[in-house]
Number of protein chains: 2
Amino acid sequence: MNENGVAAAYGGGPLPDAGMAGPVLAYSSIRAWIVEGRLRPGERLIEARIAAELKLSRTPVREAVRMLAADGLVVTERNRGAVVRSLGRQDVLDLYELRARLESYAAELAASRAAAGDIAAIDDGIRDFGRAIRRRDLDHLERTRLIGEANRRVHAAIIAASGHARLAHLLSSAVDAPLVFEALHEFTNNELARSNLFHQLIRDTIAKGEPVRAAQLMHEHIMQGRDRILRSLDA
Amino acid sequence: MNENGVAAAYGGGPLPDAGMAGPVLAYSSIRAWIVEGRLRPGERLIEARIAAELKLSRTPVREAVRMLAADGLVVTERNRGAVVRSLGRQDVLDLYELRARLESYAAELAASRAAAGDIAAIDDGIRDFGRAIRRRDLDHLERTRLIGEANRRVHAAIIAASGHARLAHLLSSAVDAPLVFEALHEFTNNELARSNLFHQLIRDTIAKGEPVRAAQLMHEHIMQGRDRILRSLDA
DNA sequence: GATCTCCGGATTGTGTGCAATATGTGTCCA
DNA sequence: TGGACACATATTGCACACAATCCGGAGATC
């Protein structure tokens with residue numbers, strides 16, 4: 001596996017339940033609310049209300065809101081608090097192009113640097129992704145959540161395998177997640193199977209140490225996600 | 001000029017003086033201390049001490065420290081506070097490669113998107129950079145500070161011209177600054193003149209709308225900075 | 001002599017109060 | 001009727017107090 005916190009990065013981390021510390025609990029909860037659409041773009045985040053709901057004081061909530069602002073998930077204005085960021089078509093285009101460049105760079109590095117343990121971690125994610133898309137016993141939201149979590153782990157494992165701590169940090173905090181979730185929500189079964197295929201292709205090129213192919217596949221994979229988003233945005 | 005906050009990004013912004021609000025003052029001050037080396041890598045940031053020095057309470061200082069942590073300038077551990085991040089040789093290599101990729105992307109976009117006002121802003125920065133490197137009436141630190149500020153403005157103007165808000169945010173918060181400052185500190189006059197030349201070349205390719213050349217020149221420009229850093233790191 | 005335990009100081013984490021600021025609403029006047 | 005002003009309310013910004021936690025050292029024990 002790789003150095004310090006690299007593996008922990010990417011996405012909001014595990015589900016917002018367990019006995020987490022205050023700010024972390026608040027951060028994960030709010031992030032999940034935004035990612036899953038319970039908080040819509042443009043909606044205000046009111047510290048006191050959130051604090052009451054999570055049974056915390058305003059202090060840790062405040063901290064969490066600021067972290068989300070640093071991530072770019074919400075925008076804040078002095079004395080006016082935070083609102084969920086809303087994204088126009090151009091923003092989506094820009095965001096996905098950026099994510100494609102960063103993650104294909106991560107895949108490129110992973111292909112040069114990955115150790116056996118890194119590959120194993122990617123495989124775990126891919127296995128869970130495959131299982132999740134075959135689940136028929138869950139409602140749509142719950143299944144999407146499961147798929148999203150597995151998808152997150154696949155990408156996180158690849159990024160961790162890159163061994164580039166700062167890149168991992170950037171991708172974890174700055175790159176969208178609401179969009180990814182929304183995209184998955186709309187995926188047909190064919191599209192999910194295609195994602196699964198690309199995960200495997202990327203995994204293989206990384207394992208074989210072929211940086212250029214890994215990068216190209218990752219770029220394409222993310223562009224497919226972008227196109228899916230744009231299609232549902234237009235509808 | 002470009003949309004919303006894009007132009008304001010990159011680096012810590014203006015010098016930490018004027019009548020700024022609490023957290024912003026704290027953020028800028030601490031950032032400057034780190035960038036200019038008054039706080040060395042590995043050193044602890046003690047909230048109470050900083051609050052006393054800036055005549056604030058711990059609350060805004062705490063917020064500023066968390067912002068710096070989000071930027072990756074300091075690392076925090078629960079119940080143990082924040083210490084200035086220290087970078088090994090590999091970190092420097094990774095960081096500069098990342099910065100080169102992001103900023104050359106910015107230059108590429110700028111070459112496609114820049115408006116007349118954007119070019120004018122770049123020109124302003126270049127003019128000040130040229131003036132700063134010719135100054136002989138200042139001590140070394142003060143001159144470096146001036147050069148650094150002008151350099152920051154050149155790069156910020158190019159990034160603003162890219163019109164990519166998220167990219168600007170990433171570059172402003174995530175990419176180093178202590179390294180840039182340190183690099184400038186060690187630059188010979190020849191090297192400063194070369195930087196100035198590259199700024200102009202990049203500016204011209206952007207103005208003429210040649211994305212590929214702009215990106216390549218920016219990549220090279222940043223790699224030159226990286227090599228300078230590595231040389232002084234080895235000494 | 002080495003290691004373990006416990007204690008005290010230092011520092012961060014969290015809760016809460018009050019002041020500063022923005023927003024919405026009603027009223028008055030043209 | 002429409003607009004401007006003033007006030008009431010909602011919300012954030014900052015300060016401070018107290019609780020939780022960590023770290024280093026002194027002393028005890030083997």
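Please read all numbers here as calculations on a predicted model, not as lab measurements. Because only heavy atoms are used, hydrogens play no part in the values below, and waters and symmetry mates are left out as well, while side chains stay in. Naming convention: chains lettered A, B, ... in sequence-line order (proteins, then strands); numbering from 1 in each chain.
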ask   = Just checking A/Arg78: base, sugar-phosphate only, or nothing, at a heavy-atom cut-off of under 4.0 Å?
value = sugar-phosphate
Original post:
Have B/Tyr27 and B/Asp71 got a donor and an acceptor in their side chains that come within less than 3.5 Å?
Top reply: yes
Does A/Arg153 make a cation-pi contact with A/Phe129, if we ask for NZ or CZ under 6.0 Å from the ring centre and within 45° of the axis? no
5'-most contact on DNA chain C (nearest-nucleotide basis), A/Pro60 vs A/Arg80, goes to A/Pro60
Residue set satisfying side chain to side chain donor-acceptor pair (under 3.5 Å) with B/Glu43, at least two apart, ordered chain then number -> none
To the nearest angstrom, the CZ-C1' distance between B/Arg49 and C/dA10 comes to 10 Å
B/Arg62 atom CZ is separated from C/dG15 atom P, nearest whole Å, by 11 Å
Side chain to side chain donor-acceptor pair (under 3.5 Å) filter on A/Arg135, not counting sequence neighbours, yields A/Asp137
B/Ile46 CD1 to C/dG9 P, in whole Å, measures 18 Å
At a 4.0 Å cut-off to heavy atoms of chain A, the contacted part of DNA chain D spans D/dT11 to D/dC14
Has A/Arg44 got a side-chain N or O lying under 4.0 Å from the OP1 or OP2 atom of C/dT23? no
From CD of B/Glu63 across to C1' of C/dT12 the rounded distance in Å is 16 Å
By salt bridge (charged side-chain N to carboxylate O under 4.0 Å, His left out), B/Asp234 pairs with (sequence neighbours left out) B/Arg89
Between B/Gly81 and A/Thr59, the residue closer to the 5' end of DNA chain C by nearest nucleotide is B/Gly81
note: B/Ile50, atom CD1; C/dT12, atom C1'; distance rounded to Å ~ 13 Å
Contacts of B/Glu63 meeting side chain to side chain donor-acceptor pair (under 3.5 Å) (sequence neighbours excluded), chain-then-number -> A/Arg66
From CD of B/Glu47 across to P of C/dT12 the rounded distance in Å is 5 Å
B/Asp123 meets the side chain to side chain donor-acceptor pair (under 3.5 Å) criterion, sequence neighbours left out, with B/Arg203
When rounded to whole Å, the CG to P distance for the pair B/Asn79 and C/dT12 reads 10 Å
